[in-house]
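Written out below as structure tokens is the structure these notes cover.
In the text below, chain A, chain B and the rest are named by the order of the sequence lines, each starting its count at 1.
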Amino acid sequence: MPLPRIAQILLEGQPGTAIEVAGWVRTRRDNKGGFSFIELNDGSCMSNLQIVVDSSVPGYTETIKLVTTGASIRVAGELKASPGAKQRVELHAQTLTLLGPADALKYPLQKKGHSWEFLREIAHLRPRTNTFGAIARVRNTVCYSIHRFFQERGFLYVHTPIITTSDCEGAGEMFQVTTLDLDKVAAGKGPLQKSDNPAAAPAIDYTQDFFGKKASLTVSGQLEGETFATAVGPVYTFGPTFRAENSNTTRHLAEFWMIEPEMPFYELTDNMQLAEDFIKTIVRDVLRDRTEDMEFFNERIDKTILATLKNILDHDFKRVSYTEAVEILTKCGQTWEYPVEWGINLQAEHERYLTEKHFGQPIIVYDYPRTLKPFYMKCNADGKTVRAMDVLVPGVGEIIGGSQREEDLDTLLARMQECHLNPEDYWWYVDLRRYGTVPHAGFGLGLERVLLLLTGMQNIRDVIPYPRFPGSADF
RNA sequence: UCCCUGGUAGCUCAAUGGUAGAGCGAGCGGCUGUUAACCGCUAGGUUCUAGGUUCGAAUCCUAGCCGGGGAGCCA
């Protein structure tokens with residue numbers, strides 16, 4: 001029979017009942033008068049279960065010395081009301097079994113605070129800390145909330161490919177996928193293209209590669225998502241995404257998780273409303289289902305986080321056109337490192353000013369200059385802008401990027417030419433506009449960025465179990 | 001990729017050219033229905049690496065490696 005979890009015991013365990021638990025020791029405090037307190041954690045919640053072990057427990061003297069921080073134990077006994085102030089119940093042990101010791105001289109996690117940098121070096125042990133346990137639980141709750149949000153609205157969860165041969169999506173540098181032996185290629189023994197010109201630089205013959213052409217890890221499932229959205233109705237993807245950008249920031253990862261809904265018959269305003277409802281639902285669910293963890297974040301990580309999240313729930317996201325945003329930025333009297341004028345990309349300092357100072361809440365900036373945005377976004381009648389939207393939140397910045405898609409065949413082809421793309425490479429995507437085209441829209445949400453928003457953590461490398469970034473893919 | 005900054009005990013840091021220290025953690029002892037427990041004692045170091053300057057280098061110089069922050073790219 002599975003053991004009860006500590007979260008459940010702390011919540012509803014009745015004094016007088018016999019229970020058995022197992023977990024990892026956080027601390028032990030001895031009373032030389034003949035008993036010890038053990039703080040036991042099994043990851044089911046932030047709080048520990050206090051175990052009281054007195055010297056009459058079989059093997060007490062030999063075992064208790066090995067019950068150190070990090071050790072795993074199993075305890076059977078009777079649950080009792082606790083006279084201490086910090087817990088409702090405690091477990092009085094009748095048997096104590098050491099499952100696995102943890103040498104106190106070597107175990108890296110101490111009974112004290114550790115720096116984030118140090119914990120990143122022991123990423124395999126950091127889920128045993130309060131903070132990373134809480135992040136794991138909140139992350140799980142967010143994922144559950146995301147599926148529930150879309151499922152309740154009739155969206156289908158579709159699995160778009162991880163490996164792609166469309167070298168197109170324009171969302172960033174891609175990781176190449178190959179089974180070619182690079183050592184052989186380097187030695188001049190790889191499959192090279194035949195060339196009549198002996199002076200030409202050697203080029204790889206990808207017809208010899210596994211997929212018969214150059215392949216990469218996906219940077220977005222959007223284009224494939226659109227093919228299903230225009231067949232089975234609203235869909236969403238939720239999977240890993242890869243960007244080979246040389247980004248060294250607290251907001252970027254080389255491997256991250258992205259959610260991309262795509263909806264037929266949605267225009268940009270519908271898209272914005274869905275994005276707003278989506279974020280608010282996640283915030284609401286986490287505040288409701290992970291109350292204890294969220295209080296921890298508010299106390300130890302960011303003292304404003306609960307107020308920030310409640311503020312998000314209490315206000316409509318402000319809609320601001322790019323043109324209005326530029327006006328606000330040029331008229332506010334602020335001096336910028338990057339001067340503002342219509343047509344520039346909004347810089348981090350501009351986005352921060354808008355969402356943190358000027359509005360003090362999440363905003364949705366829409367209708368960007370089309371020169372700044374990819375080919376698939378719908379062109380506005382003004383000839384200058386496209387129906388793009390970015391959701392910006394205080395503290396994190398861009399959390400969602402999306403758009404209404406261009407559904408008109410000729411306009412799309414013209415935009416592809418403008419962006420120096422070959423429509424033949426996108427023949428299946430262009431087909432969606434040839435056969436039964438419809439207005440549609442969608443967006444992408446970065447899971448880890450939502451976690452930054454929710455937890456108040458400062459570095460995206462700390463809200464994913466094993467971060468991948470330039471120069472680092474350990475564990 | 002660019003700019004800034006750092007690398008000293010298990011961890012967090014001090015020592016700015018002259019005998020490498022503290023707090024926490026750990027070990028031992030004491031005390032206590034304790035709960036970031038408390039008090040005392042003890043152990044613990046190739047000062048990131050390689051060169052150089054100097055009577056003498058953690059400290060100054062050169063190169064490299066690694067960490068952190070900011071910017072760009074974006075989610």
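- Taking atom C1' in both U54(B) and G70(B), one finds a spacing of 38 Å when rounded to whole Å.
- Across C11(B), A71(B), U35(B), the shortest atom-to-atom separation from the side chain of Ser115(A) is found for C11(B).
- A sub-4.0 Å separation between OP1 or OP2 of A36(B) and a side-chain N or O of Arg300(A) is absent.
- Separating the C1' atom of G33(B) from that of C38(B) is a span of 15 Å, rounded to the nearest Å.
- Taking only side-chain nitrogens and oxygens, Arg449(A) never comes nearer than 4.0 Å to OP1 or OP2 of A75(B).
- Taking all atoms of both residues into account, the shortest heavy-atom contact from Leu98(A) to Ala71(A) is CD1-CB, 4.2 Å.
- Distance noted for atom P between U19(B) and G10(B): 23 Å (whole Å).
- For the P atoms, the distance from A57(B) to C48(B) is 15 Å, rounded to whole Å.
- When distances run from any side-chain atom of Phe118(A) to the nucleotides G33(B), U12(B), U35(B), the shortest one goes to U12(B).
- As a whole-Å value, the separation of Leu91(A) CG from U35(B) P is 20 Å.
- A distance of about 27 Å separates the P atoms of G17(B) and G45(B), rounded to the whole Å.
- With the nearest nucleotide of RNA chain B identified for both Ile400(A) and Glu121(A), Glu121(A) has the one nearer the 5' end.
- Regarding Gln110(A), its CD atom lies at a distance of 12 Å from the P atom of C24(B), rounded to whole Å.
- A cation-pi arrangement, defined by a distance under 6.0 Å to the six-membered ring centre and an angle within 45 degrees of its axis, is present between Lys373(A) and Tyr368(A).
- Comparing the same atom, P, in G7(B) and in C41(B) gives a spacing of 31 Å after rounding to whole Å.
- Rounded to whole Å, atom C1' of A75(B) lies 16 Å from atom CZ of Arg461(A).
- Atom CG in Asp30(A) sits roughly 10 Å away from atom C1' in U34(B) (whole-Å rounding).
- Distances were taken from every side-chain heavy atom of Thr249(A) (C-beta onward) to each of G72(B), C11(B), U35(B); the shortest belongs to G72(B).
- In this model, the phosphate group of G68(B) is approached by a side-chain N or O of Arg120(A) to a distance below 4.0 Å at OP1 or OP2.
- Judged by a 6.0 Å distance limit and a 45° cone about the ring axis, Arg128(A) is not positioned over the six-membered ring of Phe132(A).
- Base engagement by Gln50(A) is indicated by at least one non-hydrogen atom pair under 4.0 Å involving a base atom.
- Among the protein residues, Ala348(A) comes within range of the sugar-phosphate backbone only, with heavy atoms under 4.0 Å from sugar or phosphate atoms but none that close to a base.
- The side chain of Asn345(A) sits closest to C74(B) out of C74(B), U34(B), G10(B).
- When distances are taken from the side chain of His92(A) to each of G33(B), G69(B), A75(B), the shortest belongs to G33(B).
- Per the stacking criterion (ring centres < 5.5 Å, plane angle < 30°), Phe256(A) stacks onto the base of A75(B).
- For A22(B) and A15(B), the C1' atoms lie 11 Å apart once the distance is rounded to whole Å.
- With U34(B), A71(B), G70(B) as the choices, the nucleotide that has an atom nearest any side-chain atom of Gln87(A) turns out to be U34(B).
- What separates CG of Asn248(A) from P of G68(B) is a distance of 9 Å, to the nearest Å.
- Partner assigned to C2(B) is G70(B), using Watson-Crick or G-U wobble distances below 3.5 angstrom.
- Under the 30°/60° scheme for interplanar angles, the aromatic rings of Trp342(A) and Tyr322(A) are found to stand perpendicular.
- Under 3.5 Å, the side chain of Glu117(A) and the base of G68(B) form no donor-acceptor pair of N or O atoms.
- A salt bridge links Glu226(A) with Arg405(A): the distance from a Lys NZ or Arg NE/NH1/NH2 to an Asp or Glu carboxylate oxygen falls below 4.0 Å.
- A salt bridge is defined here as a Lys NZ or Arg NE, NH1 or NH2 lying under 4.0 Å from an Asp or Glu carboxylate O, and Glu39(A) with Arg29(A) meets this definition.
- Checking C55(B) for Watson-Crick or G-U wobble geometry (two distances, each under 3.5 Å) identifies G18(B) as its partner.
- The side chain of Asn31(A) contributes an N or O atom lying less than 4.0 Å from OP1 or OP2 of G33(B).
- Pair assignment for G29(B): C39(B), on the basis of Watson-Crick or G-U wobble contacts that are both within less than 3.5 Å.
- In this structure, the CZ atom of Phe238(A) is 17 Å from the P atom of A75(B), given to the nearest Å.
- Comparing the P positions of U59(B) and U47(B) gives a spacing of 10 Å, expressed to the nearest Å.
- In this structure, the nucleotide among A36(B), G10(B), C74(B) sitting nearest to the side chain of Lys86(A) is A36(B).
- Closest approach to the Phe35(A) side chain among G72(B), U35(B), G33(B) is made by G33(B) (side chain taken as heavy atoms from C-beta onward).
- For Asn459(A), whose side chain is taken as the heavy atoms from C-beta onward, the closest listed nucleotide among U35(B), A75(B), G69(B) is G69(B).
- For the pair Tyr107(A) OH and C24(B) P, the computed distance is 22 Å after rounding to whole Å.
- Look at Thr68(A) and you won't find any side-chain N or O under 4.0 angstrom from OP1 or OP2 of A26(B).
- Contact annotation: side chain of Glu90(A) to base of G33(B), donor-acceptor pair present below 3.5 Å.
- Salt bridge status for Glu448(A) with Arg461(A): absent, with no side-chain N to carboxylate O gap under 4.0 Å.
- Distance Met46(A) CE to U35(B) P: 21 Å, rounded to the nearest Å.
- Among the heavy atoms of the strands lying under 4.0 Å from Gly84(A) is at least one base atom, whether or not backbone atoms are also near.
- At the phosphate of G72(B), OP1 or OP2 sits under 4.0 Å from a side-chain N or O atom of Gln347(A).
- For Arg415(A) and Glu418(A), the salt-bridge test passes: some basic side-chain N is under 4.0 Å from an acidic carboxylate O.
- Residue order along RNA chain B, read from the 5' end via each residue's closest nucleotide, puts Val52(A) first among Val52(A) and Met258(A).
- Between A37(B), C74(B), U35(B), one nucleotide has an atom nearer to the side chain of Thr27(A) than all others, and that is A37(B).
- Looking at every heavy atom in both residues, Trp24(A) comes nearest to Gly70(A) through CD1-O, 3.9 Å.
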